[in-house]
Each structure stands twice: as structure tokens, then as C-alpha cells.
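Reviewing the structure listed below.
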Amino acid sequence: MTSNVRVRFAPSPTGKLHIGGARTAIYNWAFARANGGTFILRIDDTDPTRSTAENTQVILRAMRWLGLDWDEGPEVGGDFGPYAQTERLDLYREAAERLLAEGKAYPCFCTPEQLDADRKAAQERKDPFQGYQRRCRNIPADEARARMEAGEPYTLRIKVPEDRGDVVIDDAVHGKVVFDAKELDDFVIFRSDGTPTYNFATVVDDALMGITHVIRGDDHLSNTPRQVMVYEALGAPVPTFAHISMILGADGKKLSKRHGATSVEEYRDAGYLSDAFVNYLALLGWSLDGETTVIPRDVLAREFSLERISKNPATFDPKKLDWMNAEYINAMDDSTFVDTILLPQLEQAGCPAVRASHTDAWWNLLASIVRPRTKMPADAVSVSAPVFATAKTLAYDEKSVNKGLAKEGMGTVLDAARVALGTLPADEWNAAAIDAALEPLQDALAMKKRLVFQAIRVAECGNMVSPPLGETMQLIGRDDCLARIDRAREMAL
RNA sequence: GUCCCCAUCGUCUAGCGGUUAGGACAUCGCCCUUUCAAGGCGGCGACACGGGUUCGAGUCCCGUUGGGGGCACCA
């Protein structure tokens with residue numbers, strides 16, 4: 001199903017892809033997908049001093065990691081290219097020349113100093129309008145041409161119609177927003193160095209690319225009437241705008257470095273799942289029904305709608321992101337968890353274990369006890385550490401030993417456990433049988449169950465905290481379990 | 001200075017004139033339990049303030065306060 005909906009995400013490659021940008025990208029992508037439309041990626045690199053090719057690559061990589069596939073744009077092409085603004089300079093020039101020829105734009109010869117002085121003067125006389133004073137608006141055409149040809153530096157300014165009246169933006173999330181055109185100045189559309197300004201280039205691109213819905217940050221709302229002036233001068237249809245609120249840090253201020261990680265790649269590197277990250281970000285300012293929180297990307301791509309975007313600025317909550325991440329991890333089936341979390345993490349941690357070193361059943365059992373204890377992928381390594389250690393290499397936590405093992409009577413516990421477990425034949429070495437063998441010890445020794453198991457736990461896992469003992473011991477294997485008890489016996493009293 | 005936006009639990013939100021103001025995260029308690037998780041159950045917790053409109057306002061209007069953004073030859 002295709003429709004005429006065309007949306008774009010147009011990041012500036014002046015840095016990495018930020019959380020806010022990522023959410024804007026997600027909304028654009030989801031809106032396109034939900035409406036059978038086209039999602040376009042465009043690189044807005046009109047600021048050559050701050051844009052780099054490297055940043056562009058970082059952004060593309062982040063987009064791919066987020067799973068936001070674009071239908072037109074860098075690397076995939078499309079019928080409306082090129083998709084980088086620096087490659088579209090001729091298009092902007094053409095558009096500007098047309099506007100100039102039609103009298104909808106005019107050259108301005110004011111120097112920055114002149115402009116500055118005007119602004120100061122406006123401030124001093126408390127003029128409510130402090131924008132451009134339109135000094136060059138009425139220079140006769142032939143005089144203007146002569147000065148241009150004489151090589152006098154000039155910028156091109158848009159001519160805001162005198163009688164334009166109210167500019168009404170019918171925003172998809174804010175409703176009608178009204179601006180008085182009198183507050184708009186004749187802003188610069190082309191700099192004296194021959195490059196277009198953002199407000200001009202963006203509109204030319206959006207018009208040429210047939211963008212139907214502009215979904216972008218709130219910070220552009222005040223610029224929108226200016227852009228509408230350009231659409232109107234160009235004679236192009238004005239798209240539907242949807243201005244989404246910004247993402248704030250915990251202190252209510254705009255999210256920035258001092259709030260911690262702000263770029264998508266930092267979250268990827270920290271181990272967050274793409275699906276969970278997208279889900280969390282989508283929920284930051286949008287809701288499906290106010291109840292559902294786990295919304296897989298396919299549901300998002302089907303159900304996303306502009307009407308359910310919230311107007312409030314949202315505070316980024318890392319805790320909820322963590323919860324979401326754990327939620328996605330916990331929802332994995334055993335083998336998926338093994339393949340996408342456990343094995344990669346083990347490899348990264350330098351653990352020699354590979355898929356082939358154990359049976360599928362063994363891995364699945366391990367997954368079933370490790371997964372609910374895994375909030376972040378890296379946790380899988382520490383949680384399963386006792387399983388991958390041996391009686392020789394197992395590290396004993398000093399505190400745990402002191403508290404659970406090196407106490408009066410614990411030697412007796414280990415001796416009894418050693419005997420009970422020793423009677424279990426190798427082919428009956430499973431969690432249920434191990435638990436059953438250990439169960440009678442508390443009565444036989446007249447000790448608290450808690451203490452009995454604590455001693456065995458420390459002996460087997462080196463720590464008072466571990467996954468369930470029976471399963472863990474099954475995974476460790478009979479011989480090594482017995483060897484661990486022998487080794488621990490020396491530490492017990 | 002001026003223009004614009006925003007305002008429901010600590011956080012994300014549902015609500016689109018009549019609700020015991022719902023859900024999620026966080027937090028606290030209980031249950032489960034050999035530890036830690038996971039899971040289950042429950043508690044705490046919000047309509048910024050002041051005026052209107054209306055039989056009735058979280059919901060509509062105005063103002064105040066508080067946040068945020070724009071007003072560049074940045075994007």
C-alpha cells in the first residue's frame with residue numbers, strides 16, 4: 001500500500017544523532033509506515049564549517065541501528081535527489097533567482113555593522129519590532145542591478161507582503177497557531193557568500209521533494225511562519241506541520257551532555273536493545289492508548305498517529321529505559337537469548353565458551369536462569385560466571401565466605417552435602433535430583449534451611465548471591481561441583 | 001524587549017463537560033522463596049494559581065505564575 005504521504009528526517013551532520021533527533025526520526029518513520037507513505041532521509045549540511053562527512057556516517061549508522069529504514073536518501077537514492085543540501089546548491093540558486101525576478105525577493109546591501117546599529121537603535125527607542133528595518137526593500141530595480149553588477153556585496157531577502165495579515169499554521173499537534181505577518185521581517189534567504197540560509201534551503205527542498213508532513217522539533221515552530229512566506233513566494237503548497245515538544249533532562253532543562261549520555265551510539269554501546277530503545281523513545285511524547293507500554297516496532301509502524309502526540313515537553317527517564325530494556329530481554333525465548341545476548345557477551349568478556357561446547361538443552365537451561373537476572377546484556381556474564389568457572393578458577397568473595405562459610409558448623413554442612421551429592425549418579429545429575437538430595441540436610445543437621453543452602457551456595461558459586469542452586473549445579477556438572485565442595489571445605493569451620 | 005509554545009502523581013502519560021481522575025516507571029509493603037532476580041498482590045502519590053462560562057470544569061474562555069523556544073548572513 002502506498003499513499004502520497006511523504007515525510008523526511010533532515011539531520012544536520014554537526015554532531016552525533018541525539019536522543020531528540022532520534023525520536024523525531026522515529027516519529028517520521030512510523031508516520032510514513034503507518035500511512036503507507038515514503039520516508040526520506042536528507043542531510044542538511046548547509047553549514048560547511050560544522051558539518052562533517054564523518055558525522056553523516058555516524059548518523060546513518062545510528063539510523064540503521066535504530067532500524068529506521070529510509071525509502072529515499074543517502075545510499076538508497078530516489079527520484080528527488082540529491083539528498084544532501086551541499087549537492088543541491090544549484091536548486092536553491094535557481095529558486096532564489098526566480099524569486100528575485102518575480103520581485104518576491106530583493107537584494108540587501110546593508111553591512112553587518114549597519115544592521116547591528118539599526119538593531120541597537122530599535123532597542124533604544126523600545127520599538128516592539130526589532131527586526132530588519134527594510135532599508136533596501138525599495139531600492140529601484142535598475143539601481144539594485146547596477147550595484148550588484150558593480151560587485152557590491154549583498155544578501156537576498158524575502159519580501160514579506162505588506163498586507164499579508166495573519167499567518168495561520170494548522171499544526172497537527174498544537175492546533176491553530178497564529179502569527180501576525182507584521183512581526184516577520186524580510187529575512188535573509190541567501191547569504192552574501194552565495195549560500196542559502198536554512199529557512200530557505202529547507203523549504204525549497206521540502207517543496208521540491210513533495211514533503212506532505214513536516215514532523216520536527218518544537219524549536220522550529222516560531223520559524224514556521226517565515227517558512228510559510230517562502231512556500232507562498234515559491235507558489236508551493238504548504239505542508240502539514242507537526243511540532244513535537246523537546247526532550248528535557250531530569251532538571252527540566254534541555255537535555256545536554258551534563259545529563260549523561262545523549263547520543264544514540266552511546267546507548268547502543270551501553271548495551272541497550274534497539275527495539276527497547278525505540279519503544280521507550282516512541283513513548284516519550286506519544287501514546288497508543290495510555291495503557292500499553294510495550295509497543296514493538298511493528299505495532300508502532302502500524303498504529304502511530306499524529307493525533308496522539310503529546311504537547312508537553314518530556315523528561316528523559318533513564319530508569320524507565322532500563323526497565324524497558326529488561327522487559328525486552330526477559331521476553332526473549334531461550335535460544336534467542338543465548339544467541340543474541342549470552343554468547344556475544346561471553347565472547348566480548350573473553351570467555352572461551354562457544355555454542356558447541358554444550359548442548360542446546362544446557363544453553364537453554366542456562367538462559368532460563370540468567371535471563372530474568374539480566375537488566376543489561378553485560379549482566380549475563382556476571383550472573384553466569386559461576387557456571388563458566390571451575391573448581392580451580394572459581395573466585396571466592398571474601399565477604400560471602402566470612403558470612404556464609406567460615407562459621408561454626410558449616411564444615412559439617414559441606415561434609416553432609418558432599419555425601420548426599422556423592423550418592424547421586426552422574427546420569428541423575430539434574431536440578432530436581434540435586435534439590436531433593438540436599439533437602440533432608442536441614443533436618444539431619446537440625447539447622448536452618450537458609451544456612452545450609454547458604455554454605456553450599458558459597459561453596460559452589462563463591463558468592464552468597466547466585467542463580468538457583470539446583471540448576472546452577474546441574475550446569476556446572478557433577479565432578480566439578482564435588483571438587484568445589486572439597487576446595488571450599490578448607491575454608492569452612 | 002517582543003512573539004510563540006507548554007502546564008494531570010517524583011517521571012512518562014490516559015482523560016477530549018458529569019470518572020471513586022485510569023495505566024506505566026520509580027518508591028514502599030506483602031506474598032512466593034535456599035540467596036538474588038523474575039512474578040503476583042497492595043500502599044503512597046497529581047489536575048500550578050485566580051477569575052469566569054455552565055445545573056455541572058482536569059476538560060471551554062481570560063488572567064497570573066512558572067517553564068521552554070524563536071526573533072542571526074546557525075541549523
Side-chain angles (χ1 to χ4, degrees), chain A residues 10-12 14 44-47 49-51 85 108 110 112 115-116 119 122-123 126-132 153-157 169 171 174 177-180 183-185 187-193 195-199 201-202 217-226 243 245-246 248 250 252-254 280 283-294 308 310-324 326 330 369-375 379 383 400 404 435 438-439 442 448-458 461 463-470:
Chain A
S12 295
T14 54
D44 278 10
D45 54 357
T46 41
D47 182 1
T49 57
R50 296 195 299 151
S51 300
Q85 291 191 323
C108 169
C110 295
L115 265 16
D116 228 45
R119 215 174 345 255
Q123 249 168 49
K126 299 220 160 92
D127 189 332
F129 179 80
Q130 297 189 7
Y132 176 63
Y154 66 94
T155 60
L156 245 37
R157 289 183 182 273
I169 317 275
D171 192 275
H174 292 281
V177 183
V178 182
F179 297 86
D180 188 340
E183 273 133 26
L184 270 27
D185 59 359
F187 62 95
V188 173
I189 59 172
F190 247 82
R191 303 184 188 101
S192 54
D193 66 359
T195 60
T197 59
Y198 167 79
N199 277 323
T202 301
D218 239 352
D219 46 338
H220 291 286
L221 185 53
S222 293
N223 276 325
T224 307
R226 282 169 236 287
H243 286 96
S245 63
M246 309 222 298
L248 275 22
K253 302 269 187 250
K254 191 173 172 176
Y280 175 72
L283 240 31
L284 215 53
W286 177 82
S287 66
L288 179 59
D289 52 18
E291 306 275 299
T292 318
T293 46
V294 177
R308 296 199 65 87
S310 160
K311 290 193 276 226
N312 323 13
T315 303
F316 185 79
D317 180 7
K319 285 241 180 70
K320 193 159 184 176
L321 206 213
D322 288 350
W323 168 81
M324 187 71 80
N330 221 336
I369 61 170
V370 172
R371 191 185 45 231
R373 293 167 177 79
T374 304
K375 251 178 122 61
D379 298 340
V383 173
S400 295
D435 284 339
L438 261 19
E439 197 64 29
Q442 49 184 312
K448 282 201 173 122
K449 189 177 194 180
R450 186 190 170 87
L451 290 178
V452 173
F453 280 86
Q454 194 172 61
I456 302 171
R457 185 182 309 284
V458 175
C461 301
N463 202 293
M464 294 208 313
V465 174
S466 84
L469 247 194

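Values below: all heavy atoms of this structure, side chains included; hydrogens, waters and symmetry mates excluded. Residue numbering restarts at 1 for every chain, and letters A, B, ... go by the order of the sequence lines.
Listed by chain and residue number, A:Arg457 satisfy the side chain to side chain donor-acceptor pair (under 3.5 Å) test with A:Ser466 (two or more places apart in sequence, or in another chain). For A:Arg308, the side-chain contact (heavy atoms from CB on, under 4.5 Å) partners two or more places apart in sequence, or in a different chain, are A:Trp286, A:Ser287, A:Ser305. Judged as a side-chain contact (heavy atoms from CB on, under 4.5 Å), and not counting sequence neighbours, the contacts of A:Ser12 are A:Thr14, A:Asp44. Partners of A:Asp219 by side chain to side chain donor-acceptor pair (under 3.5 Å), not counting sequence neighbours: none found.
Taking the C1' atom of each, B:G67 and B:C61 are spaced 22 Å apart, rounded to whole Å. Between the C1' atoms of B:G52 and B:A14, the separation comes to 28 Å (whole Å). Spacing of C1' atoms, B:C4 relative to B:A46, comes out at 27 Å, to the nearest Å. Taking the P atoms as reference points, B:G63 lies 12 Å from B:C3, given to the whole Å. Across B:C55 and B:G43, the matching P atoms stand 38 Å from one another, rounded to whole Å.
Closest to the side chain of A:Asp218, out of B:C5, B:U11, B:C25, is B:C5. Of the listed nucleotides (B:G69, B:C25, B:G23), B:G23 has the atom at the smallest distance from the side chain of A:Glu291.
Taking only side-chain nitrogens and oxygens, A:His174 comes nearer than 4.0 Å to OP1 or OP2 of B:C6. Here A:Asn312 reaches the OP1 or OP2 of B:A7: one of its side-chain N or O atoms lies under 4.0 Å away.
Within the 4.0 angstrom heavy-atom criterion, no nucleotide atom of any strand lies near A:Gly404. Residue contacts shown for A:His243 are absent, as no nucleic acid heavy atom lies under 4.0 Å away. At the heavy-atom level, A:Met246 lies under 4.0 Å from the strands shown only through sugar-phosphate atoms. Using a 4.0 Å heavy-atom distance criterion, A:Val383 is classed as making no nucleic acid contact. When heavy atoms are screened at a 4.0 angstrom cut-off, A:Thr224 is found touching no nucleic acid atom at all. A:Phe179 comes within 4.0 angstrom of sugar-phosphate atoms only, judged by non-hydrogen atoms across all strands, and of no base.
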If the sugar-phosphate is the primed atoms plus P, OP1 and OP2 and the base is the rest, what is the B/S/- string for nucleotides 29-46 of chain B, using protein heavy atoms under 4.0 Å? -----BBBBS--------
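In summary, the side chains of A:Thr224 and A:His243 do present a donor paired with an acceptor at a separation below 3.5 Å, with no hydrogens or angles considered. In this model, no donor atom of one side chain and acceptor atom of the other lie less than 3.5 Å apart for A:Asn199 and A:Thr197.
Side chain A:Lys320 to base B:A24: a donor-acceptor pair is found below 3.5 Å.
Checking side-chain atoms of A:Thr46 against main-chain N and O of A:Tyr198 turns up no donor-acceptor pair under 3.5 Å.
With contacts defined as side-chain heavy-atom distances shorter than 4.5 Å, the pair A:Asp218/A:Lys311 does not qualify. Looking at heavy atoms from C-beta onward, A:Ser400 lies in side-chain contact with A:Asn463 at the 4.5 angstrom threshold.
Ring pair A:Tyr280/A:Phe316: centre-to-centre distance below 6.0 Å.
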Nucleotides 71-73 of chain B: which of its N/O atoms have a protein N/O under 3.5 Å away?
from, atom 1, to, atom 2, distance (Å)
B:C73, O2, A:Ser192, N, 3.0
B:C73, O2, A:Ser192, OG, 2.9
B:C73, N3, A:Ser192, OG, 2.9

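Sequence order on RNA chain B of the closest nucleotides to A:Gly285 and A:Leu221 puts A:Leu221 first from the 5' end.
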